[in-house]
Amino acid sequence: MTYKRAMGTVLAAFFIGEISATTVHGFILARDYAPYYGTLLRGGAGPAWQMLFLPVAHLSFVCALVWAYANLPLAGSRARKGLIIGVFGWAMGQVPLWLVWYAEQPWPDSLVWKQLALELVSSLLIGLTVAFVAPASARPGSTGVPGSAGAANGA
């Protein structure tokens, strides 16, 4: 995968990730979060500057998924590869995040199950976006993404 294609893939998946995060946490779960604003969750009169870390975290997640897609030997159709990358991302990123929050904070069981289920859908959408925007040959040995076998071997 070329750097240009990798950046395009990151931007497309980041866009989908931001839309799904806003939909899930800003709208679908808004009523579930309402009792926690001002205590556990930032919110209220004005946005906190720390909210700027949300897109940074999402971008980090997407970059890691694009790298994984380009470097893991995935078999099957693009859709299958995208679903695998989505589940991989969910299991490596979202599951630990929400279970840690559940262990440390007073989240009700129902909210955590909703978060996990909706984050799975979001991760699957991001994975499918990565698979369909990245070239079909995005696997080790195919070219230029740092850390790929092709880049290391000068291919």
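Note that this is a predicted model, so its numbers are computed, not measured. Residues: numbered from 1 along the sequence shown.
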Subject >> Side chain Ser60, main chain Val56, donor-acceptor under 3.5 Å >> reply: no

Subject >> Nearest non-hydrogen partners of Ala13 and Val130, listed with the distance >> reply: CB-CG2, 3.8 Å

**OP:** Quick one: closest heavy-atom pair of Val10 and Cys63, and the distance?
**Re:** CG1-SG, 3.9 Å

Original post:
In terms of ring plane angle, is the pair Tyr33 and Trp107 parallel, tilted or perpendicular, where the classes change at 30° and 60°?
Top reply: tilted

**OP:** Could you grab the distance from atom CD of Gln105 to atom CH2 of Trp98, nearest 0.5 Å is fine?
**Re:** 11.0 Å

Original post:
If we only count heavy atoms from C-beta on, is the Val66 to Met1 side-chain gap below 4.5 Å?
Top reply: yes

**OP:** Is it possible for you to say whether Met7 and Phe15 belong to one hydrophobic cluster, with membership spreading through side-chain heavy-atom contacts below 4.5 Å?
**Re:** no

Subject >> Heavy-atom closest pair, residues Phe14 and Pro55 >> reply: CE1-O, 3.4 Å

Original post:
Do you know which two heavy atoms are closest between Tyr69 and Ala134, and how far apart they sit?
Top reply: CE2-CB, 3.6 Å

Original post:
Does a side-chain heavy-atom distance below 4.5 Å link Gln94 with Phe61?
Top reply: yes

Original post:
Same cluster for Leu11 and Ile126 if Ile/Leu/Val/Met/Phe/Trp/Tyr side chains link at under 4.5 Å?
Top reply: no

Original post:
Hey, does Leu118 have a side-chain heavy atom less than 4.5 Å from the side chain of Ser122?
Top reply: no

Original post:
Of all residues at least two apart in sequence or in a different chain, which pass the side chain to side chain contact (heavy atoms under 4.5 Å, CB included) check with Pro35?
Top reply: none

Subject >> Euclidean distance, Ser123 OG relative to Leu116 CG, rounded to 0.5 Å >> reply: 10.0 Å

Subject >> Nearest-0.5 Å distance that lies between atom CG in Leu59 and atom CD in Glu18 >> reply: 8.5 Å

Original post:
Which residues pass the side chain to side chain contact (heavy atoms under 4.5 Å, CB included) test with Pro96, sequence neighbours left out?
Top reply: none

**OP:** Identify the heavy atoms of Gly17 and Ser20 that sit nearest to each other, and give their distance.
**Re:** O-OG, 3.1 Å

Subject >> Euclidean distance, Leu65 CG relative to Met92 CE, rounded to 0.5 Å >> reply: 10.0 Å

Subject >> Flag side-chain contact, heavy atom, 4.5 Å: Glu119 against Lys114 >> reply: no

**OP:** Mind checking the CG-CG spacing from Leu128 to Leu83? Nearest 0.5 Å is all I need.
**Re:** 4.5 Å

**OP:** Hey, could you give me the CZ/NZ distance between Phe88 and Lys81, rounded to the nearest 0.5 Å?
**Re:** 15.5 Å

**OP:** Check whether any side-chain N or O of Tyr36 sits under 3.5 Å from a backbone N or O of Pro106 as a donor-acceptor pair, and report yes or no.
**Re:** yes

Subject >> Residues, nucleotides or ligands: over 12 heavy atoms within 6.0 Å of Trp101 CH2 >> reply: yes

Subject >> Joint cluster assignment, Val62 & Ile84, ILVMFWY side-chain distance < 4.5 Å >> reply: yes

Original post:
Are any side-chain N or O atoms of Arg5 and backbone N or O atoms of Val133, one a donor and one an acceptor, separated by less than 3.5 Å?
Top reply: yes

